[in-house]
Amino acid sequence: MKTRLNKWVMLAVLLMSSLSMYAQSNIIPLPTSVKENGASFTINGQTKIYYDKGLKQQADLLYAALSPATGYDFVVSDQKKAAKNIIVLKISKGGTPIGKTDALNKESYKLSVKNDVITIEGNSAVGVFYGTQTLLQMLPAEIYNKQLQRKGIWKIKGAEIADAPSYEWRGMMLDVARYFFGKDYVLKFIDMMAMYKMNVLHFHLVDDSGWRLEIKKYPKLTSVGAWRGEGTERTGGYYTQEDIKEIVTYATARGVDVIPEIELPAHALASVAAYPDLCCTGEQYTVPTQHSISKEIYCVGKESTFDFLADVFKETFALFPSKYIHIGGDEAQYDRWKTCPHCQKRKKELGVKTEKEMQVYFNQRIQKMVKAYHKTIVGWDEIIEDGLKEKAVGMIWADSKKAFKASEAGHYSVMALTGFCYFDVAESNIPGEVKAATWLQPISLEKVYQLNPMIEGLDAKYRPQILGAEATLWSDQFIHGTILQEIAAINENRSEKYFEYLTFPRMSALAEVCWTPHERQSWPDFEKRIRTHYKRYDNAGFGYRVPLPKLIGNEKTANGFTIKLEKDIEGAEIRYTTDGTRATVYSPVYTQAVTVPKLSDFSAITVVNRNQYSLPLYFPEKYDKFKKYGQLVAEWKPSSVKGKDFGTFEINATGKINENGEYVLSFWYTEGHSRLEIKSVELYKNGVKIAEDVHDGYTGTNQENNEYKFKVDAYETGAAFTMKAVVRGDVDNDSNGAVFIKKQ
């Protein structure tokens with residue numbers, strides 16, 4: 001019995017030490033295997049970098065990463081002349097470090113940190129590069145700074161790491177079509193990706209509102225299609241072919257595959273504005289200054305359309321070595337095709353019944369066209385819904401179940417699901433959050449981490465056909481309503497800061513989802529590790545969203561509520577208030593649990609510095625978001641809404657109407673399956689009707705005409721004011737909501 005007990009004790013100790021080991025590791029994405037060896041390596045001025053044949057570029061990149069912050073001018077050589085205090089980069093000669101498929105083998109690596117030697121061994125140059133990125137994360141955060149740091153000791157804890165990605169597609173889509181980002185920012189974005197071993201830059205170069213790629217045979221694509229607006233309002237830009245070569249070279253050195261997107265047949269208005277004959281009408285259009293989806297698409301009936309695209313692809317493929325070409329393929333409106341004589345002639349020749357079938361024909365021709373260049377087409381999941389003859393990659397964005405159909409048809413899938421991967425959506429709906437897409441619910445950091453590219457229910461035999469996942473950064477907010485203005489006079493690139501705010505830290509979560517084996521992923525563990533990365537962003541010059549203080553508890557006590565918080569950024573402060581006002585960078589520093597009479601009295605923010613802090617953590621009153629509509633005057637519940645028949649709902653407005661003037665009464669739904677329908681509202685003073693507003697209105701998940709207006713001319717002190725609203729639930733009587741009154 002004692003022996004058996006000792007075995008269990010030993011097993012528990014081993015388990016605890018294993019957990020401790022990972023708690024000490026702040027590497028993201030979490031490596032496949034990490035074993036501490038008790039050693040320690042210190043980088044100093046005598047440290048040398050040695051590299052195998054074919055790894056000079058990786059050695060130079062490591063030098064460029066280590067030298068600025070340390071101030072050391074390292075010897076970099078392909079001739080190993082020292083046995084100690086060295087970093088060695090080498091290609092594996094003994095097979096795969098981790099058992100993976102061929103597609104993932106090349107990205108695997110081993111990293112060994114001992115007292116005198118650091119060895120980074122990869123199955124390829126890109127594997128070695130990923131090893132160097134892990135090494136950088138094992139150093140103090142200041143290593144990412146491009147200026148000499150005062151820190152004197154650059155120590156790395158000894159470990160044996162064997163690592164490989166779970167998925168071969170770990171992507172980010174950068175939308176430069178709707179809003180142009182210059183070459184330098186694209187290079188910076190690649191650095192942001194490389195930090196986390198992200199390896200696919202989906203380059204959204206073409207859309208209705210901009211064409212960004214120089215095509216020498218068609219100069220108007222950039223002289224016309226790359227710009228919108230007139231005079232001082234004119235904005236835009238494009239990448240020259242030399243720019244693209246530089247971007248691709250830069251990305252390739254960092255393990256990033258740049259995949260261009262040439263949208264077709266829809267989202268093509270920019271090219272149509274440049275060359276009107278590409279569309280069905282031949283009319284002259286302009287590049288739009290506001291976001292919309294144009295019904296002007298490439299004419300499927302004209303052979304000249306395909307000649308144009310063949311020419312574009314020829315120049316595009318000369319610039320982008322990727323085996324993939326993204327063709328979009330989504331949101332095509334067929335109005336023009338239905339009335340175009342060329343398209344209808346094509347439809348008759350093909351013997352198809354619908355315009356949708358003609359898009360399948362369009363895609364098939366493009367697929368055949370690019371196959372001659374050994375390219376595979378990628379498109380939004382619409383392209384895999386019907387009959388492609390060759391294998392393609394569908395980016396699953398709207399419905400994860402489309403991956404089932406893609407897999408069964410032999411196609412590949414990349415998960416870019418809207419609920420997890422659309423980073424143009426804000427992380428929260430807290431007041432003060434950035435202007436962002438609102439057609440989706442907020443996507444928090446934890447929500448991103450919950451993504452599993454191998455969706456539930458998909459047969460395991462299809463696992464090789466799930467390539468990975470990708471996040472999208474759409475830039476239509478810059479041309480949707482109010483433009484997010486740059487301030488050129490002080491060189492403030494607000495658009496870049498905006499994108500970085502949306503990207504970090506969520507990209508780090510996606511990176512781990514795609515790299516680390518699913519069974520080893522743990523949100524609590526990731527949440528602890530990410531706390532140390534914000535300082536790395538600061539040093540690297542990357543923007544990010546500052547997380548709110550983490551709420552540990554708000555226990556009800558005899559004196560009110562005791563609130564316990566925790567920092568989600570290492571080295572930051574929490575500042576708080578207890579008087580109902582919002583916390584600022586000058587508020588008291590939180591050091592221990594705080595008790596307040598009511599939750600709405602409390603507010604707290606995370607403060608990195610006086611210019612960088614989080615949105616507030618606070619506890620809103622029930623109807624806090626409706627405060628702008630005035631004072632709460634009534635609530636309706638199922639018991640006060642008389643089902644499908646209209647009935648009278650009485651509202652006591654005494655005290656809320658307190659002087660002569662014009663008042664607005666507004667109805668706001670909060671929950672239930674039914675909306676509230678309103679016929680009229682009457683205003684009574686001391687039981688006598690003095691005003692009414694009669695019109696049909698409703699409030700539910702959306703609202704229309706839900707405001708009722710009254711003018712009070714004979715206010716009397718002490719008078720009783722009541723209102724009678726004629727209302728009903730449009731389906732049932734389960735509607736809930738509140739009524740507010742405001743003096744104009």
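Computed over heavy atoms, backbone and side chain alike; hydrogens, waters and symmetry mates excluded. For this chain, numbers begin at 1 and follow the sequence in order. All values derive from a computational prediction rather than experimental measurement.
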Trace of the salt bridge (Lys or Arg N to Asp or Glu O under 4.0 Å) decision for E662 with K743 = CA-CA 6 Å; E662 294 183 349; K743 187 174 181 294; over 6 Å; no
Salt bridge (charged side-chain N to carboxylate O under 4.0 Å, His left out) partner of D568, the single match among K550, R531, R529, K528 | R531
Residue E519 excluded, over 12 heavy atoms near CD under 6.0 Å | yes
Is the NZ or CZ atom of R575 positioned over Y586's six-membered ring, under 6.0 angstrom from the centre and within 45° of the axis?
-> no
Between the side chains of E470 and W397, does any donor sit under 3.5 Å from an acceptor?
-> no
Check whether any side-chain heavy atom of H518 lies under 4.5 Å from a side-chain heavy atom of M454, and answer yes or no.
-> no
Tell me, with the steps shown, if D693 and K709 meet salt bridge (Lys or Arg N to Asp or Glu O under 4.0 Å).
-> CA-CA 6 Å; D693 188 349; K709 298 179 180 180; over 6 Å; no
Taken to the nearest 0.5 Å, the spacing of Y715 OH from I657 CD1 works out to 9.5 Å
List the steps, then state whether salt bridge (Lys or Arg N to Asp or Glu O under 4.0 Å) holds for K679 with D696.
-> CA-CA 5 Å; K679 278 286 186 184; D696 291 339; 3.4 Å; yes
Determine, step by step, whether H480 and Q290 satisfy the side chain to side chain donor-acceptor pair (under 3.5 Å) criterion, reporting the C-alpha distance in whole Å, the side-chain angles of both residues, the deciding distance to 0.1 Å, and the verdict.
-> CA-CA 6 Å; H480 187 73; Q290 288 289 300; 5.8 Å; no
Relative to each other, are the rings of F504 and Y537 parallel, tilted or perpendicular (30° and 60° limits)?
-> parallel
Kindly compute the distance separating CD (E331) from CG (D208), expressed to the nearest 0.5 Å.
-> 9.0 Å
Could you give me the CA-CA distance, side-chain angles and deciding distance for H533 and Y196, then say whether ring pair (Phe, Tyr, Trp, His ring centres under 6.0 Å) is met?
-> CA-CA 11 Å; H533 281 243; Y196 288 110; 5.7 Å; yes
Assess K447 against F420: is NZ or CZ under 6.0 Å from the centre of the six-membered ring, and within 45 degrees of the ring's axis?
-> yes
Here the gap from S400 atom OG to M415 atom CE, rounded to the nearest 0.5 Å, amounts to 5.5 Å
Which pair of heavy atoms, one from A604 and one from A583, lies closest together, and at what distance?
-> CA-CB, 3.9 Å
Steps toward side chain to side chain contact (heavy atoms under 4.5 Å, CB included) verdict (L676, F667) = CA-CA 9 Å; L676 182 76; F667 294 78; 3.9 Å; yes
Determine, step by step, whether V739 and L665 satisfy the side chain to side chain contact (heavy atoms under 4.5 Å, CB included) criterion, reporting the C-alpha distance in whole Å, the side-chain angles of both residues, the deciding distance to 0.1 Å, and the verdict.
-> CA-CA 7 Å; V739 188; L665 190 77; 3.5 Å; yes
List the steps and the verdict of side chain to side chain donor-acceptor pair (under 3.5 Å) for S428 and E433.
-> CA-CA 7 Å; S428 77; E433 190 64 89; 2.6 Å; yes
Over all heavy atoms of both residues, which pair between A714 and N660 is shortest? Give the atoms and the distance, please.
-> N-OD1, 3.3 Å
So, Y613 side chain and P616 main chain: donor-acceptor pair closer than 3.5 Å or not?
-> no
Is the closest side-chain donor-acceptor distance between W636 and S735 under 3.5 Å?
-> yes
Can F189 and F499 be said to form a ring pair (Phe, Tyr, Trp, His ring centres under 6.0 Å), step by step?
-> CA-CA 10 Å; F189 194 80; F499 258 34; 7.4 Å; no
Are W439 and Y422 side-chain neighbours, meaning at least one heavy-atom pair lies under 4.5 Å?
-> yes
How far apart are the C-alpha atoms of W380 and H202, what are their side-chain angles, what is the distance that settles it, and do they pass the ring pair (Phe, Tyr, Trp, His ring centres under 6.0 Å) test?
-> CA-CA 12 Å; W380 303 109; H202 170 187; 5.8 Å; yes
Side-chain H-bond candidate by donor/acceptor type, Y449 with E512, under 3.5 Å | yes
Can you see which heavy atom on D381 is nearest to which on I396, and at what distance?
-> OD2-CA, 3.6 Å
Can you find a heavy atom in the side chain of T503 that is under 4.5 Å from one in the side chain of L473?
-> yes
Aromatic ring pairing F740/Y623, orientation class (parallel under 30°, perpendicular over 60°, tilted between) | perpendicular
Would you tell me whether E707 and S666 have side-chain atoms, one donor and one acceptor, within less than 3.5 Å of each other?
-> no
Side-chain ion pair, E677 and R675, N-O less than 4.0 Å = yes
Those residues at least two apart in sequence (or on a different chain) that pass side chain to side chain donor-acceptor pair (under 3.5 Å) with Y334 are Q359
Ring-face cation of K742 near Y629 (centre distance under 6.0 Å, axis angle within 45°) = no
Nearest heavy-atom neighbours spanning P453 and I466 | O-CG2, 3.4 Å
So with a 6.0 Å cut-off around NZ of K628, is the heavy-atom count from everything else above 12?
-> no
Do you see a donor-acceptor pair shorter than 3.5 Å between the side chains of T581 and D579?
-> yes
Can you list the steps and then say if E296 with H267 is a side chain to side chain contact (heavy atoms under 4.5 Å, CB included)?
-> CA-CA 8 Å; E296 307 307 329; H267 291 283; over 6 Å; no
Show me, pair by pair, the donor-acceptor contacts under 3.5 angstrom made by side chains of residues 595-602, not counting sequence neighbours?
unit_1: T595; atom_1: OG1; unit_2: T562; atom_2: OG1; d: 3.0
unit_1: S600; atom_1: OG; unit_2: E621; atom_2: OE2; d: 3.1

Distance-only donor-acceptor check, side chains Q477 and K435, under 3.5 Å = yes
Stepwise salt bridge (Lys or Arg N to Asp or Glu O under 4.0 Å) test for K622 and E635 = CA-CA 11 Å; K622 184 177 180 181; E635 296 177 287; 3.3 Å; yes
For A177, check side-chain contact (heavy atoms from CB on, under 4.5 Å) against everything at least two apart and list the hits.
-> D175, H204, D207
What is the distance from atom NZ of K689 to atom OH of Y684, rounded to the nearest 0.5 Å?
-> 5.5 Å
To the nearest 0.5 Å, what is the distance between CG (D476) and OG (S292)?
-> 10.5 Å
Between Y708 and E682, a side-chain donor and acceptor under 3.5 Å = no
Taking NZ, NE, NH1 and NH2 as the nitrogens, is one of them in R545 or E427 under 4.0 Å from a carboxylate oxygen of the other?
-> yes
Residue pair L551 / L617: nearest heavy atoms and the distance that separates them = CB-CD2, 4.5 Å
Side chain to side chain donor-acceptor pair (under 3.5 Å) evaluation trace for T557 with N559 = CA-CA 5 Å; T557 66; N559 298 321; 5.2 Å; no
Exercise: identify the closest heavy-atom pair between P547 and I569 | CD-CD1, 3.4 Å
Taking atom types as modelled, find out whether Y544 and Q612 have a side-chain donor-acceptor pair closer than 3.5 angstrom.
-> yes
Interatomic distance, CD@E382 vs CD1@I384, rounded to 0.5 Å, equals 9.5 Å
